[in-house]
Amino acid sequence: MDGGGPGAPPPRLRLASFNVNSVRQRAAHVRRFLERQRPDLLFLQETRCRAEEFPRLEFEALGYRVHAVGQPGGRNGVALLGRIPFEVVAEALPGEPEDGQARYLEVETEGGLRAGGVYLPNGNSGGAEGFAYKLRWMDRLIDLAEARLDAFLPFALLGDFNVCPTGEDLAPGALPPTDALVSPEVRARFRALLHLGLTDALRALHPHDRLYTYWDYGPAFEENRGLRIDHILLSPDLAERLSGCGVDIAPRVEPQPSDHAPVWCTLR
DNA sequence: ATGGCTTACCAAGTAAGA
């Protein structure tokens, strides 16, 4: 039923992504999410610890393999928790050898799936150079996605893209029009990813819903003044298999939450 | 249009997040 021999259908997969805003502060939220949803792959962003500081044991106890990519200083950080075997293909986005920021992790799973976890620069800090870094990072991501699609790999990108793709993807007035999350150059680069042939999974299944994945700390959540900045992008063959996709707000309702909520999808 | 939160730095006040 679930994989196996020649001609067998590929197994059903659940993929998810969660910006945790410190995995050491949010380990219990992640554990409850894993227990409830049992994703096959969960990409984390803003883990904010070195790899050796990652609280791997409590996830391994739930049957997950853990691979963390961190950096000194308590910034950034990405990781993968996987219930299926995987091999790490990349621990950084190619194209800028001096880039020491822990923002990308790519794996190949047992079933031949290529999946990349993304923590795209915010672009509002660091002045002009901070914004230029965001644009360069997106150009590098476009180059990488093009190469993966040219190779006809079943390919998925999941993570915090720090982009509201359209005006439908943020509450009215939630951001000033000059913000780096809604800038025309940033949105153009996000569209360039889609034009390569990637599908925005959440919008594919919920084209007109008011869906957010981030709400500022404070009254923003109860007022539903949010942003849709966490995304799952699927190559054409994976998009054909897309059977469900959503935002899980349960971890955002729990005490001491991350400011983001997880996004997930199911592939038949 | 921001920091009114939150976090990591590490012990007081920054910097970053979005």
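Note that the structure is predicted; figures quoted are calculated from it, not measured. Chain letters run A, B, ... following the sequence lines, proteins first and then strands; every chain starts at 1.
- A residue-by-residue look at A:S22 and A:G173 shows that A:G173 has its nearest nucleotide of DNA chain B further toward the 5' end.
- Residue order along DNA chain B, read from the 5' end via each residue's closest nucleotide, puts A:A174 first among A:A174 and A:P257.
- The gap from the P atom of B:dA15 to that of B:dA11 amounts to 16 Å, rounded to the nearest Å.
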>> I need a per-nucleotide contact map over nucleotides 11-18 of chain B, read 5' to 3'. Cutoff is protein heavy atoms under 4.0 Å; write B for the base, S for backbone only, - otherwise.
In response: -----SSB

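- A side-chain N or O of A:D99 and one of A:Y133 form a donor-acceptor pair less than 3.5 Å apart.
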> How far apart are the C-alpha atoms of A:R189 and A:E185, what are their side-chain angles, what is the distance that settles it, and do they pass the salt bridge (Lys or Arg N to Asp or Glu O under 4.0 Å) test?
Replying inline: CA-CA 6 Å; A:R189 282 163 175 80; A:E185 300 101 308; over 6 Å; no

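- Note on A:R12 versus A:D40: no salt bridge recorded, every NZ/NE/NH1/NH2 to OD/OE distance being 4.0 Å or above.
- To the nearest whole angstrom, the two C1' atoms, one in B:dG3 and one in B:dG13, are 15 Å apart.
- Taking atom C1' in both B:dT14 and B:dC10, the straight-line distance is 11 Å, to the nearest Å.
- In this model, no donor atom of one side chain and acceptor atom of the other lie less than 3.5 Å apart for A:Q45 and A:D160.
- Distance, A:E53 CD to B:dT7 P: 16 Å, rounded to whole Å.
- With sequence neighbours left out, A:Y104 forms a ring-ring contact (aromatic ring centres under 6.0 Å, His included) with no residue at all.
- Remark: the A:D248 side chain and the A:Q37 side chain contain an N/O donor-acceptor pair separated by less than 3.5 Å.
- Within the cation-pi definition used here (under 6.0 Å to the ring centroid, within 45° of the axis), A:R65 does not qualify as a partner of A:F86.
- Comparing B:dC9 with B:dG4, their C1' atoms are spaced 23 Å from each other, to the whole Å.
- Straight-line distance between the C1' atoms of B:dA12 and B:dT7: roughly 15 Å, to the nearest whole Å.
- A:D230 and A:N19 share no side-chain donor-acceptor pair at under 3.5 Å.
- Stacking of A:R225 on the aromatic ring of A:W215 is not recorded, the 6.0 Å distance cut-off and the 45° axial limit not both being met.
- Heavy-atom distances under 4.0 Å link DNA chain B to A:R24, A:Q25, A:R26 of residues 23-30 of chain A, given in residue order.
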